[in-house]
Structure formats: structure tokens, C-alpha cells
Amino acid sequence: MRTTVGIIGAGPAGLLLARLLHKAGIDSVVLESRDRGYVEQRQRAGILEQGTADVLRAAGAGERLDREGLRHDGIELRYDRRRHRVDFPALTGGRSVTVYAQTEVCKDLIALQLKEGGPLLFEAEALAVEGAATDHPRVRFRHDGREDVLDCAYVVGCDGFWGIARTAIPAELTRVFERTYPFGWLGILADVPPSHDELVYARHDRGFALLSMRSPSVSRLYLQVPEGTDAEAWSDDEIWAELERRFETDDDWTLRRGPITQKSVTPMRSYVHEPMRHGRLFLAGDAAHIVPPTGAKGLNLAVGDVVTFARALVHQRETGSAELLDAYSRTCLRRVWQAERFSYDMTTLLHRAPGATPFEERLQLARLERIASSRAAETDLAEGYTGFPFG
Ligand code: APR
Ligand code: PHB
């Protein structure tokens with residue numbers, strides 16, 4: 001097989017990249033190791049920054065997003081039984097976010113790719129990227145029980161944290177920056193209308209809790225748990241009771257319960273792989289960086305990377321200049337590190353680290369009080385949450 005851009009992975013990064021290239025008249029092939037159902041059902045992120053929603057609309061993938069997505073103009077911070085709303089448009093000159101699950105973004109992009117785009121091969125596992133430092137890289141992959149080769153002009157590794165593309169960059173040229181956190185999130189989906197019309201981020205002495213949603217009738221909630229927790233170790237009643245404790249307030253707010261339809265634990269990690277490019281191999285999304293989910297940046301960073309790559313390749317096609325391709329890693333990492341800083345700040349602001357000292361606990365409350373009482377501090381949060389500029 002031969003194509004201009006070989007894309008490894010059909011998560012949000014790979015699928016959106018294929019769509020952006022198709023719209024620019026550049027051919028690609030997407031190799032996805034899992035089946036379509038896995039990609040479309042995997043519960044991941046749920047918050048689209050303003051820029052992400054705009055890119056999806058411009059790519060022709062905004063119709064259901066505009067019909068079913070929920071525009072949110074703020075979030076609530078909850079601490080010490082108090083409630084503080086952060087007003088995004090007032091603090092950012094009009095920006096908001098949209099609640100629209102990553103599963104739905106993937107369904108929309110897969111449907112478009114299968115209808116209009118180039119080859120999207122499911123159950124096609126990339127085995128290796130070869131010749132990344134040459135001008136004719138190739139991807140060896142296995143599909144339908146036999147090995148094959150995809151000859152490319154460029155390869156973009158959109159294969160997530162556990163993918164193989166990264167391994168094609170020589171270790172001696174690589175720097176990795178990472179931090180793991182001694183806790184994770186127990187996430188649930190529940191068939192019950194959300195108990196608040198916006199997201200609620202709660203800092204509590206017992207640990208962090210988050211109220212999110214997937215639709216007016218489906219709630220998505222998270223509970224900080226010790227690292228290595230088994231989701232099945234928590235009964236539904238125990239989960240609801242713990243959430244109620246952590247969302248407690250001085251007013252008459254209550255948390256509505258309902259049947260839990262999905263339960264899983266997500267580990268927390270910060271990770272950045274530098275550089276994000278080696279020769280004709282480019283990394284995008286979770287293949288290059290991971291953020292703790294507290295700041296809802298993961299999907300949006302993946303979007304920023306593939307927008308940057310597509311723009312750079314179009315620029316090269318139109319002008320013959322490789323300057324934007326050569327700046328790809330630097331351009332992406334500027335945004336990645338701002339998102340890493342924001343996600344780390346949100347995580348350390350709201351989670352109770354095992355062994356946290358009374359001093360550190362008071363420091364958290366002082367940081368929250370600062371945000372609640374300073375427009376400057378509140379603006380920094382609102383700008384980070386609604387998104388950093390692309391490129
Ligand atoms: N060959 C082919 N496909 C692969 C391979 C491989 N060797 N290894 C992994 N994949 C596929 C995975 O099955 C997955 O579908 O690559 C895809 C990577 O998708 P994601 O992990 O979703 O990564 P990305 O597209 O960068 O999206 C980042 O997803 O993980 C969340 O929170 C994260 O919201 C963020 C978003
Ligand atoms: C989600 O709805 O899955 C979600 C929302 C906000 C976050 C993380 C996850 O910060």
C-alpha cells in the first residue's frame with residue numbers, strides 16, 4: 001500500500017487528522033489495531049474547548065455536536081461546603097466549552113471517514129515504523145492475518161500512550177518528563193439527570209469528586225481513589241454515599257442517585273515526550289503527552305497537535321517551505337506544557353494527596369480562596385480551562 005500520510009491510531013487525533021488532510025486534498029491511510037466498536041464505546045473525555053468545537057465544525061463534523069452538545073459557560077468550584085462559580089465568557093472575552101463525549105466525536109469522524117475519506121483499516125495493528133529518518137518512511141502492520149507494508153511520505157503516530165510510534169525515535173535523541181500521582185479516578189456513568197447544570201469540581205478532606213454529564217439524562221461522576229483501586233471493590237451504594245459526602249454544602253443542594261451503568265478506574269499521570277518529531281515521523285496526542293484528566297485537556301491537546309501538523313503540511317504543499325513542519329515539535333510543545341502546567345495546578349489544587357500535611361491542606365484552601373476572591377486568579381483558571389491558542 002502507498003499513501004502520502006500514514007496515520008497510526010483511530011482515536012480523536014488520528015481520525016481528526018485524516019479528516020483535516022482529506023479536506024485539504026491530501027491522501028492518508030488510518031491503521032487502527034482495535035475494532036470499530038471498541039473505539040466508539042471507549043469512555044474517555046467529555047469536554048471540548050471552544051477551539052476544538054470550531055475545528056470540528058470547520059471540518060464538517062459539527063452537525064450532531066451542535067444538535068446534541070451542551071454549551072457550558074462556567075464550572076463550579078466546591079470547597080469547605082462553599083460554592084464558587086467561575087464565569088468563562090465574562091473572564092475570557094466570551095469563550096465557553098461544550099460537553100460532548102469523545103465517543104461521539106469518534107463516531108462522527110469515523111462515519112465521515114468511511115463515507116468520504118481514505119482507507120480506515122480496523123483490526124490493523126502497526127508493528128513498526130521504519131525509515132523515519134529517510135524521505136520514504138514505511139509502517140509495517142498486520143491486517144486480516146497477514147503482514148503488509150504502508151509506504152508513506154510522512155507517518156503520524158496517533159497511537160496513544162501505549163502505541164509503538166514513539167519507539168521509532170532513537171532513545172539518545174529523546175527526553176521524557178513524567179510524574180505519576182498516588183491516586184486515580186473511579187468514574188461512573190449513571191442513568192440519572194445531572195444534579196447541577198454545570199460541572200462541579202469538589203475539594204474535600206476525604207478527597208476530590210467531580211460531577212459531569214453526557215446528556216440531560218446521563219450523569220458522569222468521578223471520585224478520587226487510591227492508586228491501584230479495583231472499581232469492582234466499590235458497591236453502587238458506597239459510591240453514591242461517598243460522592244454525597246464530598247459534594248456536601250451549606251445550602252440544600254442534593255445529589256440525585258440512579259442506576260450505575262459503567263464503572264472504571266483511571267490512573268493519573270503527567271507525561272511529555274520530546275521531541276514530537278523525528279525526520280518524517282510526527283507524534284500527536286497521547287502518543288506524545290498525557291495530562292491528568294482534572295483539567296479536561298487530553299482530547300483538546302490532541303486536536304491542537306493535528307491542526308498544527310495539517311497546517312504545516314498544507315503550507316509545505318502550497319509554498320514548498322518546510323518551515324512549519326520543522327517548527328512542529330516546538331509549536332506543539334509550547335501549548336502542551338501550558339496544558340501540563342494547568343492540569344498539574346488543577347490536580348494539586350483539588351486532590352488530597354496521601355500524607356498531605358495540615359500545612360498543605362491549608363495551602364489548598366488558600367489557593368481556592370484566592371481564585372474565589374481575585375479576578376486575576378480566576379481569569380487564569382478560566383483561560384486554561386477554555387483552552388490555549390493553537391500554534
Ligand atoms: N497500531 C494501530 N493502532 C494502535 C496501535 C498500533 N500499534 N496502538 C494503539 N493504537 C490505537 C488505539 O487502539 C487507539 O484507538 O491508537 C488509538 C489511540 O487513541 P487514544 O488513546 O484515544 O489517543 P488520541 O487519539 O491521542 O486521543 C487522546 O484520548 O486517551 C484519551 O484522554 C485522552 O482524551 C484524550 C484522547
Ligand atoms: C468528563 O466529563 O469525562 C470530564 C469532564 C471534566 C474533566 C474530566 C472529565 O475535567
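Just follow the structure's listing: the first ligand is 1, and inside any ligand the first atom is 1. Heavy-atom basis, side chains included; hydrogens, waters and symmetry copies ignored. By convention here, the first residue in the shown sequence is residue 1. What you see is a predicted model, and the numbers here were worked out from it, not measured in a lab.
For atom 32 (O) of ligand 1, the closest non-hydrogen atom on the protein side is Asp286 OD2, 4.1 Å. Protein heavy atom closest to atom 10 (N) of ligand 1, with residue, atom name and distance, is Ser33 OG, 3.6 Å. Annotation: atom 20 (P) of ligand 1 to nearest protein heavy atom, Arg42 NH2, 4.0 Å. In this structure, the protein non-hydrogen atom closest to atom 6 (C) of ligand 1 is Ala126 N, 3.8 Å. Atom 18 (C) of ligand 1 has Cys158 O, 3.3 Å as its closest protein atom, hydrogens excluded (heavy atom only). For atom 36 (C) of ligand 1, the closest non-hydrogen atom on the protein side is Gln102 OE1, 3.5 Å. Glu32 OE1, 2.7 Å is the protein heavy atom nearest to atom 15 (O) of ligand 1.
Within the 4.0 Å heavy-atom cutoff, Met346 does not count among the residues contacting ligand 2. The closest approach between any non-hydrogen atom of Gln43 and ligand 2 is not below 4.0 Å. Contact analysis puts Leu210 in contact with ligand 2, with a non-hydrogen atom separation below 4.0 angstrom.
Under a cut-off of 6.0 angstrom, the local environment of CZ in Arg142 is sparse, with at most 12 non-hydrogen atoms contributed by other residues, nucleotides or ligands. Residue Arg362 places its CZ atom among 12 or fewer non-hydrogen atoms of other residues, nucleotides or ligands, all under 6.0 Å distant.
With ligand atoms numbered from 1 in the order given, ligand 1 contributes 34 (O), 35 (C) to contacts under 4.0 Å with heavy atoms of Leu299. Within ligand 1, counting atoms from 1 as listed, the ones closer than 4.0 Å to a heavy atom of Ala45 are 34 (O). For ligand 1, the atoms lying closer than 4.0 Å to a non-hydrogen atom of Ile8 are 1 (N), 2 (C). Residue Ile164 has at least one heavy-atom neighbour below 4.0 Å for each of these atoms of ligand 1: 7 (N). Using a 4.0 Å cut-off to heavy atoms of Gly160, the atoms of ligand 1 that qualify are 18 (C), 21 (O), 23 (O). Close contacts of ligand 1 with Arg34, meaning ligand atoms under 4.0 Å from a residue heavy atom, involve 13 (O). Of all the atoms in ligand 1, the ones that sit under 4.0 Å from a non-hydrogen atom of Gly163 are 8 (N). Near Gly285, meaning under 4.0 Å from any of its heavy atoms, are these atoms of ligand 1: 26 (O).
For Trp185, no nitrogen or oxygen atom sits less than 3.5 Å from a nitrogen or oxygen atom of ligand 2, counting backbone and side chain alike. Between Thr294 and ligand 2, at least one N/O pair is under 3.5 Å apart. Remark: ligand 2 and Ala45 share no N or O pair separated by less than 3.5 Å (distance only, no angle test).
The distance between the ring centers of Tyr271 and Phe177 does not fall below 6.0 angstrom.
Side-chain atoms of Glu76 and Trp253 form no donor-acceptor pair, as typed in the model, at a separation below 3.5 Å.
Side-chain atoms of Thr229 never come within 3.5 Å of backbone atoms of Val225 as a donor-acceptor pair (strictly under, hydrogens ignored).
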